[in-house]
Amino acid sequence: MRVDEYHLRQQKRVRIKWFKRLRLLVLIAVIYLVAAGGIKLYNSSYFNVKKITVIGNRQLSDKEVKKLSDVRVSKDSLLKISVSEIEKRLLKNSLIKSTEVSRDFPDTIRIKIVEREPIACLTFKDKLFLIDKDLFVLLAGSSADVFDLPQIKDLKLNHVQVGKRINSEILSQAIKSLTSLNPSLRADIDFVSAASVDRISFFTLDNIEILYGKAGDIERKNFVLKEILAENREKIIFIDIRQVSKPIVRYFEKSAGQE
């Protein structure tokens, strides 16, 4: 091999090594600049929360939900906040059944909630407690005027606590029976007597007692009940629908001297 050819090859190898090193240095520099820029952007105020949107709330106001989330507008960064922690804080409120929190870059938090729907209220130690169909205690009040819902009476309980579920088979049967009623009839229920499963009774606003019993054969019971009430409802004072095949109906009887 000639000397000049050897030198050319050596020079080519040196250039290749130099280009490889240069590419590596450029890559390191780019990575450093990107990382430095990312860190600077991460710690900047660009991603600070500027807006919180709330959907799905009816009982709780937007302001109440935002306060529960504990997200600080213009202070908390969208990159640093924990969505799961926000959801945990929201679920501490007894009215919130479920929630979904998401980020909308660059500056918005979106909160979607599903509220528990109150179905009735019950009396315990001179207080009224609002409950949903799952027997979850939502709120407490001191006056019957607070809640425009049917009251559960005559129920024996040892403990009632807001934010906790009541463990009672009698109450469970009473709520199942109540929620199964036709909406128009349910709106007419003044209170529910729940002394025992077999003695669950509905009392309407026009003073009709409906002895319903346990929540069994619901579809047939409600059909027969609707048929009975459709005929001379103004004269009915009592309906025993526990044996759906043999309902008992009592009518108002005028006393002597009444026209």
Side-chain angles (χ1 to χ4, degrees), residues 56-61 63-65 67-68 87-99 113-218 221-222 225 229 237-242:
N57 54 315
R58 287 183 291 176
Q59 301 172 82
L60 293 168
S61 66
K63 185 177 180 180
E64 288 173 316
V65 175
K67 185 176 180 180
L68 288 168
E87 291 175 345
K88 287 180 182 178
R89 290 195 289 267
L90 291 168
L91 289 173
K92 288 180 180 179
N93 186 280
S94 59
L95 286 173
I96 299 177
K97 185 174 184 178
S98 63
T99 182
I113 66 172
V114 176
E115 294 180 329
R116 295 183 182 275
E117 295 291 336
I119 192 68
C121 57
L122 57 88
T123 303
F124 181 76
K125 292 185 178 180
D126 300 323
K127 278 191 175 182
L128 286 175
F129 292 87
L130 196 65
I131 61 174
D132 71 354
K133 66 179 182 179
D134 299 318
L135 314 189
F136 196 88
V137 184
L138 309 182
L139 294 171
S142 58
S143 171
D145 296 330
V146 175
F147 307 129
D148 186 21
L149 290 168
Q151 287 190 51
I152 310 292
K153 297 184 178 182
D154 305 319
L155 183 67
K156 295 180 181 180
L157 296 170
N158 295 321
H159 183 67
V160 175
Q161 182 180 345
V162 174
K164 300 294 183 179
R165 186 182 183 276
I166 298 174
N167 185 19
S168 168
E169 179 60 24
I170 301 174
L171 180 59
S172 177
Q173 290 288 318
I175 294 299
K176 284 180 182 178
S177 299
L178 178 64
T179 55
S180 75
L181 294 178
N182 181 281
S184 60
L185 177 57
R186 189 166 69 236
D188 284 339
I189 301 300
D190 184 20
F191 67 93
V192 182
S193 176
S196 68
V197 171
D198 192 53
R199 298 293 303 178
I200 294 172
S201 294
F202 303 127
F203 291 81
T204 68
L205 294 170
D206 51 351
N207 299 316
I208 299 175
E209 179 184 355
I210 302 171
L211 184 51
Y212 197 91
K214 62 182 179 181
D217 208 1
I218 286 176
K221 278 185 178 182
N222 292 341
L225 186 59
L229 290 171
I237 60 171
F238 176 82
I239 303 172
D240 184 345
I241 201 72
R242 289 177 297 177

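The residues of the chain are indexed from 1 along the displayed sequence. What you see below is based on every heavy atom in this structure, not just the backbone, and it leaves out hydrogens, waters and symmetry mates.
A salt bridge links Arg242 to Asp198: one of the charged nitrogens lies within less than 4.0 Å of a carboxylate oxygen. Ion pairing between a basic and an acidic side chain is recognised when a charged N comes within 4.0 Å of a carboxylate O; Asp134 and Lys97 show such pairing.
Residues Ile208 and Phe238 approach most closely at CG2-N, 4.4 Å, considering heavy atoms. The two atoms that bring Ser168 and Leu135 nearest to each other are O-CD1, 3.9 Å, heavy atoms only. Pairing each heavy atom of Ile119 with each of Leu178, the nearest pair is O-CD2, 4.0 Å. Across all their heavy atoms, Val160 and Phe124 have their closest contact at CG2-CG, 3.7 Å. Of all heavy-atom pairs between Leu128 and Gln151, the closest is CD2-OE1, 3.4 Å. Here the shortest heavy-atom pairing between Ala195 and Ile170 reads O-CD1, 3.9 Å.
In this structure, NZ on Lys176 lies 6.5 Å from CD on Glu169, to the nearest 0.5 angstrom. Interatomic distance, Asp190 CG to Asp206 CG, rounded to the nearest 0.5 Å: 10.0 Å. Here OG of Ser172 is found 9.0 Å from CG of Asn167. Values are rounded to the nearest 0.5 Å.
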Does the pair Leu122 and Leu130 meet the rule for a side-chain contact (heavy atoms from CB on, under 4.5 Å), with working shown? CA-CA 7 Å; Leu122 57 88; Leu130 196 65; over 6 Å; no
Before giving the answer on side-chain contact (heavy atoms from CB on, under 4.5 Å), spell out for Ile96 and Asn57 the whole-Å C-alpha distance, their side-chain angles and the decisive distance to 0.1 Å. CA-CA 9 Å; Ile96 299 177; Asn57 54 315; over 6 Å; no
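Although no hydrogens or angles enter the test, the distance criterion places no donor-acceptor pair under 3.5 Å between the side chain of Thr123 and the main chain of Lys127. The backbone N or O of Ile210 sits nowhere less than 3.5 Å from a side-chain atom of Asp240 that would complete a donor-acceptor pair. Ser94 contributes no side-chain N or O that, together with a main-chain N or O of Gly163, makes up a donor-acceptor pair within less than 3.5 Å. Using a distance-only test at 3.5 Å, with no hydrogens or angles considered, a donor-acceptor pair links the side chain of Lys221 to the main chain of Tyr212. Listed for the Glu115 side chain is a donor-acceptor partner under 3.5 Å among the backbone atoms of Leu60. Of the possible donor and acceptor atoms, one in the side chain of Ser177 sits under 3.5 Å from a partner among the backbone N and O of Gln173. Here the side chain of Gln59 pairs a donor or acceptor atom with the backbone of Arg116 at under 3.5 angstrom.
The cationic atom of Arg165 (NZ for Lys, CZ for Arg) does not lie both less than 6.0 Å from the six-membered ring centre of Phe136 and within 45° of the ring axis.
In this model, a donor atom of one side chain and an acceptor atom of the other lie less than 3.5 Å apart for Ser193 and Asp154.
Ring geometry, Phe191 versus Phe203: the interplanar angle falls under 30°, so the pair is classed parallel (tilted spans 30 to 60°).
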